[in-house]
Amino acid sequence: MATHETPVLFMDRSRIRENYLELKKALPPFRIAYAIKSNSHPEIIEILKKEGSHFETASVAEIEKLLALGVKAEEIVLSNPVKAPQAIRRALEHGVTIQSFDSVEELEKFKEFSAPIGAEEGGLFAEKKDGLPYIRPQLRTVVPNEGSMWPLSGKFGADEELWPAIFQYMKDNNMRLDGITFHPGSQCETIAGWDSALYLTWRCIEIAREYGLNPTTINIGGGLPVNLGRKIPTAAQVGKVVIRHLKEWEKKGFKPSDLIVEPGRFISGSAG
C-alpha cells in the first residue's frame, strides 16, 4: 500500500528574533512592518509582536488575521497599490489608514476618505462624519530594481512621467499626500538597489512639493536578501546607505515624521 508523506517546515524561533533585532539595529529610526505573506504562521506573528514589530499586508483578509491575533490597527500597513473600493473602506473601518496607490485611478477611490492638504502632518486625524479615519496615501514609485532576483518594477509603481498627473490630481482635489514608498525588488543583492531608489525618492519629494504637497512618510519596502550562496549586502550595509540619504535630506530641511521598512524573507526566510 502506497504511503504519502506530508512536507514539514521547521522554524527556529530564535532566528526570527535575531533577524528582527539585526534589522532594528541597522535601521533604528524605522518601524519594522513584517510582510506576513512571506510566512503568516500565528507563532511567528506572536514572536514579532512581543518584540514590538508592526506588520505589512496586501489584503483585508491578512488585516483581519492580524487583528484576530491581537495586533493593533495602527501597527498595520496595507501596501497593495491596487484595491477594490470596498477593500479600501473595509481597511479603514478596521482602522488601517496607511494605504498605497500608484495611479490616478486608484486615487479616485481614495478621494472620499482623503484629508485636505495641510492637515496635521504625520498624525492621526479627527474622524470623518461617517465615522471613518482619514486615509494616509502612500505613492508607490517605480525604482530600477537592479540586483534584484525577482524585480517588481514591471508589476507595481508609478513611473516618473506619471508623477505630475498624480500630483496635479491631488492638488486639484485638495488631497493630502502622506508619503512615498518603493520596493527595490525581492531578494535585492546589491547596495545600488537602495541607493538609486532613494535618489529617486528625493526627486519625487521635490516634485510633490512643487504642487503644494508635503509627503512626510518614507517607506523603503522590503527586498532585504537572505543567504543563497552568493555575496549579499548585510542589513547593516543597507542601513548605512539609507541613513546617509536621510541625513542628506535633513541638511536640505526635510525630516520624515514616519519611516517604515517591510521585510519578509529577511525575517522568516533563513529561519526555516
Side-chain angles (χ1 to χ4, degrees), residues 33 35 37 56-64 73 76-119 125 128-130 132-145 150-186 197 200-223 258 260 262:
K37 59 181 162 287
E56 184 270 331
T57 62
S59 67
V60 172
E62 288 184 339
I63 289 171
E64 291 175 345
I76 302 173
V77 176
L78 178 57
S79 289
N80 184 351
V82 183
K83 300 167 292 301
Q86 57 266 34
I88 295 168
R89 173 176 281 275
R90 188 67 179 146
L92 288 172
E93 286 172 350
H94 284 309
V96 176
T97 56
I98 294 183
Q99 300 189 33
S100 298
F101 72 97
D102 63 3
S103 66
V104 168
E105 290 74 18
E106 190 75 2
L107 264 184
E108 290 171 350
K109 305 172 196 173
F110 283 12
K111 187 176 175 182
E112 63 178 300
F113 310 113
S114 176
I117 294 171
F125 307 107
K128 295 192 71 178
K129 59 184 178 182
D130 59 2
L132 294 179
Y134 284 119
I135 200 166
R136 291 177 58 187
Q138 316 284 300
L139 173 60
R140 170 83 173 256
T141 61
V142 169
V143 296
N145 281 201
W150 295 283
L152 300 172
S153 53
K155 186 176 182 181
F156 294 125
D159 287 311
E160 186 172 345
E161 60 264 27
L162 298 177
W163 300 346
I166 288 170
F167 297 150
Q168 187 65 55
Y169 183 90
M170 299 191 88
K171 180 180 180 180
D172 291 346
N173 290 279
N174 195 25
M175 297 174 67
R176 178 177 177 267
L177 175 62
D178 186 80
I180 310 296
T181 181
F182 65 83
H183 198 297
S186 198
L200 266 176
T201 297
W202 177 249
R203 178 164 173 76
C204 189
I205 292 167
E206 287 188 308
I207 294 173
R209 285 173 156 183
E210 292 173 7
Y211 288 81
L213 305 171
N214 187 28
T216 59
T217 298
I218 304 297
N219 184 333
I220 64 172
D258 197 4
I260 304 169
E262 300 174 342

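No experiment lies behind these values; they were computed from the predicted model shown.
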Name all residues meeting the ring-ring contact (aromatic ring centres under 6.0 Å, His included) criterion together with F110; count only those two or more places apart in sequence or in a different chain, and write none if there are none.
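Per chain and number, F110 pairs via ring-ring contact (aromatic ring centres under 6.0 Å, His included) with F101.
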From S103 OG over to I166 CD1, what is the distance, rounded to the nearest 0.5 angstrom?
6.5 Å
Nearest 0.5 Å please: distance from the CG atom of L200 over to the CD1 atom of I180.
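Those atoms lie 11.0 Å apart.
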Side chain to side chain, Y211 and L177, heavy atoms closer than 4.5 Å:
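When only atoms from C-beta onward are counted, L177 and Y211 do not touch, as no gap falls below 4.5 Å.
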Less than 4.5 Å apart, any side-chain heavy atom of I117 and any of M170?
no
A208 backbone acceptor or donor facing W163 side chain under 3.5 Å
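Checking the backbone N and O of A208 against the side chain of W163, no donor-acceptor pair under 3.5 Å is found.
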Hey, does the side chain of Q168 reach the backbone of P164 with a donor-acceptor pair shorter than 3.5 angstrom?
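No; judged by distance alone, with no hydrogens or angles, the pair does not exist.
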Can you list everything that forms a side-chain hydrogen bond (donor to acceptor under 3.5 Å, both in side chains) with [X]? Sequence neighbours excluded, please.
X: E262; answer: S79, N219
X: T57; answer: none
X: K171; answer: none
X: N173; answer: K111

Taking side-chain contact (heavy atoms from CB on, under 4.5 Å) as the test, write out the residues that go with A35, two or more places apart.
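Residues passing side-chain contact (heavy atoms from CB on, under 4.5 Å) with A35: K37, E56.
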What pairs meet the salt bridge (Lys or Arg N to Asp or Glu O under 4.0 Å) rule with one or both residues in residues 200-209, with sequence neighbours excluded?
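Those involving residues 200-209 are E160-R203.
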Enumerate, atom names and distances included, each donor-acceptor pair closer than 3.5 Å involving a side-chain atom of residues 81-90, sequence neighbours excluded.
residue: K83; atom: NZ; partner: N80; partner atom: O; Å: 2.8
residue: K83; atom: NZ; partner: S100; partner atom: O; Å: 2.7
residue: K83; atom: NZ; partner: E106; partner atom: OE2; Å: 3.0
residue: R89; atom: NH2; partner: E112; partner atom: OE1; Å: 3.4
residue: R90; atom: NE; partner: E64; partner atom: OE2; Å: 3.4
residue: R90; atom: NH1; partner: E93; partner atom: OE1; Å: 3.1

Indicate whether the side chain of R136 and that of T217 have a donor and an acceptor atom separated by less than 3.5 Å.
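There is such a pair (donor and acceptor under 3.5 Å, judged by atom type) between the side chains of R136 and T217.
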Tell me whether D102 is salt-bridged to R140, with the criterion being a basic N under 4.0 Å from an acidic carboxylate O.
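Not counted as a salt bridge, because no side-chain N and carboxylate O are separated by less than 4.0 Å.
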